[in-house]
Each structure stands twice: as structure tokens, then as C-alpha cells.
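Shown next, in C-alpha cells, is the structure this report addresses.
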Amino acid sequence: DAKTTQPTSMDCAEGRAANLPCNHSTISGNEYVYWYRQIHSQGPQYIIHGLKNNETNEMASLIITEDRKSSTLILPHATLRDTAVYYCIVRVDFGNEKLTFGTGTRLTIIP
Amino acid sequence: DAGVTQSPTHLIKTRGQQVTLRCSPKSGHDTVSWYQQALGQGPQFIFQYYEEEERQRGNFPDRFSGHQFPNYSSELNVNALLLGDSALYLCASRVGVGNTIYFGEGSWLTVV
């Protein structure tokens, strides 16, 4: 699986959009970009994933650059409950079960 | 619809002992994976079970073993516990190849 690079930590004001970047410059054509988050002492929570098109669901939006070498997770209206460690993972969907987690971005929402 | 459930939530064991952790996958899911998360680090893949067989394994010693039952539930066994085995053990499940993987809340293991 391709390696990802994320900032160690970020702050965001409550009610503002939180934009979390991820670099995955060695991503292969058949690798998806997944985002999970982990609130303190809980299991990782799936947020969103995509291959090359932008994706949106009830939790977030995922913007993938045209060359697929980077992506941004957007939480449109951050709340205090969004404070967590956010993991960006690239994964081949077929034939490889493993999710390779890095150290993630610790996002703190400021009241 | 219950998500991935794990038991016990917390346990304390002594060095050299053996431990068994249990997991029930999300309803309809047939594939189970186990991860170890040490304090301050991201989860590390241990192994995956499908059709009651280990299909993929991470870089963990043979002291770590598992089992999947016909109802798709799974157990993780760790023998000869070391202090370094203290961690959060996460179970994850999915249905079908390539579908989204969902995690349970984990079992906290402390080895003293």
C-alpha cells in the first residue's frame, strides 16, 4: 500500500470548515483513499472513501486532486465532537485486507 | 443493526499467561480482521479470517493466533503474554471483497 503523509496536528474553530490534507504521491491507479477517525479510547470510525472523483456523504466531503497525489477531507461545520485523530489510508480494494494506519492528524476543535 | 461487538472491554493479565478476546462482526459481515494499537500509535494489522481460515497475516509472532466460527464470530488468542502486548485490540469486519471495513470499540489488555 502507498504511504501517506499528514500534518501531526491542526486546530479549527467550532462552526468553521475543517480541511485536513493528505499526501499520497506514490498512490497506484487501483488504490482507493480512505479516511477514518478515532475519538479518544474508541475504535476507528469510517468516514468516507474515494478513487478519483470527489465524494460527499452525511459526515464529510473528500476532494482528490486530478493527479490523485493528494486529497483533502472537509468537515463542513466542525463541532466539539469532531475532535479526534484522523487517518488517511490508501488501499487496494481487491486482494488486500490490510489497512495501514500512519500516525494521523490530531484535530482539535476550539470553542 | 448492531455494529462490531467485542468482549471483554478491559482486562488485566500477568506476564506468561494466555488471553482470549472475542468479536462478533457487524450483521451480514463474513470477514473479520484483528488489529493491535499500542498507546500513541496507529492500529497495526494482525490477521484476517474468512471462511474460518486465516487469509492474510501481518508481522506478528506465532504467539498470536485466531479462529473464526461458522457464525462468522472470531477469537484472538495470545500466548505467553509479554509486557509489550499491552494495547487496545481492535476487531474489524466487512462483507465481500473490497467493501468498507468497520471497527469495534476494542478490548483494552494490560499485562503486568
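The structure presented is a predicted model; accordingly, all values stated were derived computationally and were not measured. The sequence lines fix the lettering, A, B, ..., with proteins before strands; numbering per chain opens at 1.
- Using a 4.5 Å cut-off between heavy atoms, Leu90(B) contacts chain A through its side chain alone, with no backbone atom that close.
- Contact of Gln44(B) with chain A is made through the side chain alone, with heavy-atom distances under 4.5 Å.
- A side-chain hydrogen bond (donor to acceptor under 3.5 Å, both in side chains) with Asp85(B) is found for one member of Lys13(B), Arg63(B), Gln36(B) and no other, namely Arg63(B).
- Options Trp108(B), Phe45(B), Tyr102(B) differ in how many heavy-atom pairs under 4.5 Å they form with chain A, and the most are formed by Phe45(B).
- Using a 4.5 Å cut-off between heavy atoms, Glu105(B) touches chain A through backbone and side chain atoms alike.
- Under the 4.5 Å side-chain contact rule for hydrophobic residues, Val95(B) and Val32(B) do not share a cluster.
- Closest approach of Cys12(A) and Ala17(A) over heavy atoms only: SG-O, 3.6 Å.
- Only the side chain of Gln38(A) comes within contact range of chain B, with heavy atoms under 4.5 Å apart.
- Tyr35(B) touches chain A through its side chain: at least one heavy atom from C-beta onward sits under 4.5 Å away, while N, CA, C and O do not.
- Of all non-hydrogen atoms in Ser28(A) and Glu31(A), the two that sit nearest each other are N-OE1, 2.8 Å.
- For the residue pair Tyr50(B) / Arg55(B), no side-chain donor-acceptor distance below 3.5 Å is found, with atom types taken as modelled.
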